[in-house]
K.L.:
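Okay, here's the structure, questions in a sec.
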Amino acid sequence: MRFAPSPTGYLHLGGARTALYNWLWAKKCGGVFILRVEDTDLERSTQDSVEEILEGLRWLGLDWDEGPNFQTQNLDKHKEAAFKLLREGQAYRCFCSKENLDTQRKEAEAKKTAFMYDGRCRKLTQEEVQHNLDQGMSSVVRFKVPRDECPLIAFEDSVYGRIEKRAKDIEDFVILRSDQTPLYILSNAVDDSLDRISHVIRGADGLANTPKQILIYNALGIKPPTFAHMPLTLDNKKAKLSKRVHGEVVTISYYRRRGFLPWALCNFLALLGWASQDGKEFFSREELIEAFDLSRINRHNSIFNYVPGDSKNWTDPKAIHFNATYVRTMPLDELVPYVKSEMESNGLWSQVYETSQKEWFLAIIDLIRSRYHVITDFSSKGRFCFSNNYEFDPKAVKKNLCQDLKLAEYLPELAQELAMLPNFDIEKIEDVFRSFAEKQQVKAGLLINAARTAVSGSSVGPGLFELLAILGKDRVVQRLNDSVGLITVND
RNA sequence: GUCCCCAUCGUCUAGCCCGGCCUAGGACACAGGCCUUUCACGCCUGCGACAGGGGUUCGAAUCCCCUUGGGGACGCCA
């Protein structure tokens with residue numbers, strides 16, 4: 001199996017899904033997963049793009065066994081294959097100029113008729129060819145489609161089933177440019193046979209190329225690989241996903257930056273166009289490898305349900321759901337490395353979280369994670385857990401702290417009572433709050449909500465008593481006292 | 001325009017190959033409720049689809065045909 005991206009941009013969702021399916025199938029079959037960079041389009045290929053694609057795959061955890069190989073490394077072999085076809089009369093030189101063909105194509109388009117190269121150079125005699133060559137005329141090499149010998153090209157696609165195409169509907173396509181460099185359709189087939197690729201798993205946009213490639217394999221006397229075309233992923237207007245129109249949501253690096261767990265993304269991507277027999281949706285790597293099957297890939301395109309401008313659902317809601325579920329339920333020791341790295345880049349990390357305060361750290365992560373969706377939430381919404389320098393949500397301050405000016409007295413008094421607790425545990429803290437409320441003839445909720453905002457800056461969050469207990473007496477006392485300054489008359 | 005492919009809730013899908021178990025199942029989203037000091041989680045309920053038309057059949061989401069709709073390919077791009 002292989003993943004063969006062309007390095008003309010970034011790693012996008014579709015590419016990642018293709019890579020994932022290849023990776024899954026390779027793992028399942030115990031095969032070799034080769035990464036091959038198809039860089040024959042020298043004008044558009046860049047080193048940065050190669051780096052970005054590699055980085056994206058590494059982050060996703062789609063490790064390859066071989067490569068990255070570069071298609072340009074095999075240029076000579078591709079050329080050799082073309083010359084072999086030329087010698088055997090399975091290809092021929094065409095002297096028609098590009099300009100000429102382009103105008104013909106445009107005319108056909110204007111007339112709304114199909115344009116297909118008429119194969120006029122096919123009929124050239126050897127002398128004519130030699131004459132043209134001697135004149136220094138430039139030429140391309142075209143594949144001679146064997147319309148008589150093989151009128152119907154059929155193959156069995158692992159996803160789409162039997163696909164047929166009449167040879168008369170295939171033009172004599174170019175395999176070597178006028179500068180004698182090979183084209184993708186040739187290079188790709190030659191490389192796949194060189195790499196002994198058993199399964200070509202690629203997007204359905206490659207479906208139309210497949211009969212041509214099978215022709216090449218046949219002409220070269222090579223057994224074609226098994227093809228499996230996967231449906232495309234479109235946007236909610238059924239248009240192709242692209243960075244230019246959809247922006248960063250289609251790039252893998254964006255999900256990394258926004259705090260996605262790589263496996264959560266893979267899990268989501270796997271289910272876009274594929275479903276397991278038993279309806280299971282969450283899979284570990286091993287489970288997915290086990291369950292994955294080419295024959296269960298759908299045949300219809302799927303829609304990536306992204307709605308621009310929705311700040312809550314900034315990407316497909318189901319993708320967020322997958323990530324949130326992983327954040328909430330995965331084993332803590334697997335989650336922590338991600339949280340650690342997120343905290344490190346925000347200056348919130350301390351070594352003691354791995355040593356003396358490890359228990360505390362795990363407990364607080366476990367307490368807050370059920371309401372977080374992405375890893376970045378731990379350093380934004382969860383900042384108050386690890387730093388005294390956290391933001392106060394103005395709405396929360398107004399709603400919970402300023403709703404009763406008496407809180408300016410209550411909070412310090414509460415702080416004082418809490419400070420005197422010998423055991424700062426959940427029950428004792430709750431007792432303090434409840435009895436204080438009773439004493440002052442106020443609702444406990446008033447104090448609870450005010451305290452929550454005081455210690456966290458927010459109006460939402462974990463159960464207050466648990467939160468206070470885990471934050472610790474010193475912090476709580478300090479924050480309750482400090483918050484008095486925020487209590488002002490509501491306007 | 002030509003060729004190829006596809007068609008089940010708003011979205012991802014199960015069911016289709018091998019017709020009856022389908023009053024079409026699940027998940028996300030959305031709405032309501034329960035739980036609750038808040039927000040989540042969890043639980044419950046609701047909303048919501050076989051593109052249309054013809055056949056075949058005792059019986060069709062499932063098989064066949066047509067229509068419509070959608071996508072892809074038609075480069076000296078990959």
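Residue numbering restarts at 1 for every chain, and letters A, B, ... go by the order of the sequence lines.
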K.L.:
Taking CZ from A:F283 and P from B:U13, how many angstroms apart are they, rounded to a whole number?
P.N.:
13 Å
K.L.:
If the P atom of B:C77 is compared with that of B:U11, how far apart are they to the nearest Å?
P.N.:
38 Å
K.L.:
When you compare B:G42 with B:U36, how far apart are their C1' atoms, in angstrom units rounded to a whole number?
P.N.:
12 Å
K.L.:
Establish, yes or no, whether a centroid distance under 6.0 Å links the rings of A:W64 and A:F3.
P.N.:
no
K.L.:
Which base sits across from B:C22 as a Watson-Crick or G-U pair, both distances under 3.5 Å?
P.N.:
none
K.L.:
Which nucleotide, B:G72, B:A14, B:U37, lies nearest any side-chain atom of A:I448?
P.N.:
B:U37
K.L.:
What is the base-pairing partner of B:U57, counting Watson-Crick and G-U wobble geometry with both distances under 3.5 Å?
P.N.:
none
K.L.:
Given the C1' atoms of B:C21 and B:A60, what is the spacing between them in whole Å?
P.N.:
15 Å
K.L.:
Within this structure, what is the CG-to-P distance between A:L234 and B:G10, rounded to whole angstrom?
P.N.:
18 Å
K.L.:
Report the nucleotide, chosen from B:U13, B:U37, B:A78, that has the shortest atom-to-atom distance to any side-chain atom of A:Q71.
P.N.:
B:A78
K.L.:
What integer number of Å spans the C1' atoms of B:G59 and B:G20?
P.N.:
7 Å
K.L.:
With P as the reference atom in both, quote the distance from B:G15 to B:G26 in angstrom, rounded to an integer.
P.N.:
15 Å
K.L.:
Please give the distance between the P atoms of B:C9 and B:A51 as a whole number of Å.
P.N.:
7 Å
K.L.:
Return whichever of A:L464 or A:C94 has its heavy-atom-nearest nucleotide of RNA chain B closer to the 5' end.
P.N.:
A:L464
K.L.:
Please report the distance, rounded to the nearest Å, between CD in A:E466 and P in B:U36.
P.N.:
14 Å
K.L.:
Check this for me, if you would: do A:K318 and A:E281 make a salt bridge, where the nitrogen-to-carboxylate-oxygen distance has to be below 4.0 angstrom?
P.N.:
yes
K.L.:
When the C1' atoms of B:C34 and B:A40 are compared, how many Å lie between them, rounded to an integer?
P.N.:
15 Å
K.L.:
Tell me if the side-chain of A:R299 makes a donor-acceptor pair with the base of B:C6, cut-off 3.5 Å, by modelled atom types.
P.N.:
no
K.L.:
What is the distance, to the nearest angstrom, from the CG atom on A:N298 to the C1' atom on B:C17?
P.N.:
14 Å
K.L.:
Roughly how many Å is it from NE2 in A:H321 to P in B:C41, rounded to a whole number?
P.N.:
9 Å
K.L.:
Between A:E430 and A:R434, does any side-chain N to carboxylate O distance fall below 4.0 Å?
P.N.:
yes
K.L.:
Could you state the CZ-C1' distance from A:F433 to B:U38, rounded to the nearest angstrom?
P.N.:
13 Å
K.L.:
If you assign each of A:N449 and A:F322 to its closest nucleotide in RNA chain B, which residue comes earlier from the 5' end?
P.N.:
A:F322
K.L.:
Rounded to the nearest angstrom, tell me the gap between atom CD in A:E171 and atom P in B:G1.
P.N.:
20 Å
K.L.:
Centres of the A:F378 and A:Y338 rings: under 6.0 Å?
P.N.:
no
K.L.:
Under a 3.5 Å cut-off for both contacts, is B:G1 paired Watson-Crick or G-U wobble with anything, and if yes, with which nucleotide?
P.N.:
B:C74
K.L.:
Under a 3.5 Å limit for both distances, which nucleotide forms a Watson-Crick or G-U wobble pair with B:C30, could you say?
P.N.:
B:G46
K.L.:
Expressed as a whole number of Å, how far does the P atom of B:C39 sit from that of B:G32?
P.N.:
13 Å
K.L.:
Which one is paired to B:U37, where only Watson-Crick or G-U wobble pairs with both distances under 3.5 angstrom count?
P.N.:
none
K.L.:
Which of the following nucleotides, B:G71, B:A73, B:A27, is nearest to the side chain of A:N301?
P.N.:
B:G71
K.L.:
Nearest whole Å is fine: how far is B:G75 C1' from A:E109 CD?
P.N.:
12 Å
K.L.:
Would you call A:D102 and A:R105 a salt bridge, taking side-chain N to carboxylate O under 4.0 Å as the test?
P.N.:
yes
K.L.:
Please find out if less than 6.0 Å separates the ring center of A:F384 from that of A:F386.
P.N.:
no
K.L.:
Quick check on the 6.0 Å ring-centre criterion: do A:F260 and A:W314 meet it?
P.N.:
yes
K.L.:
Name the pairing partner of B:G69, where a pair is Watson-Crick or G-U wobble with both distances under 3.5 Å, or state none.
P.N.:
B:C6
K.L.:
Decide yes or no, distance alone: a donor-acceptor N/O pair under 3.5 angstrom between the base of B:C12 and the side-chain of A:S302.
P.N.:
no
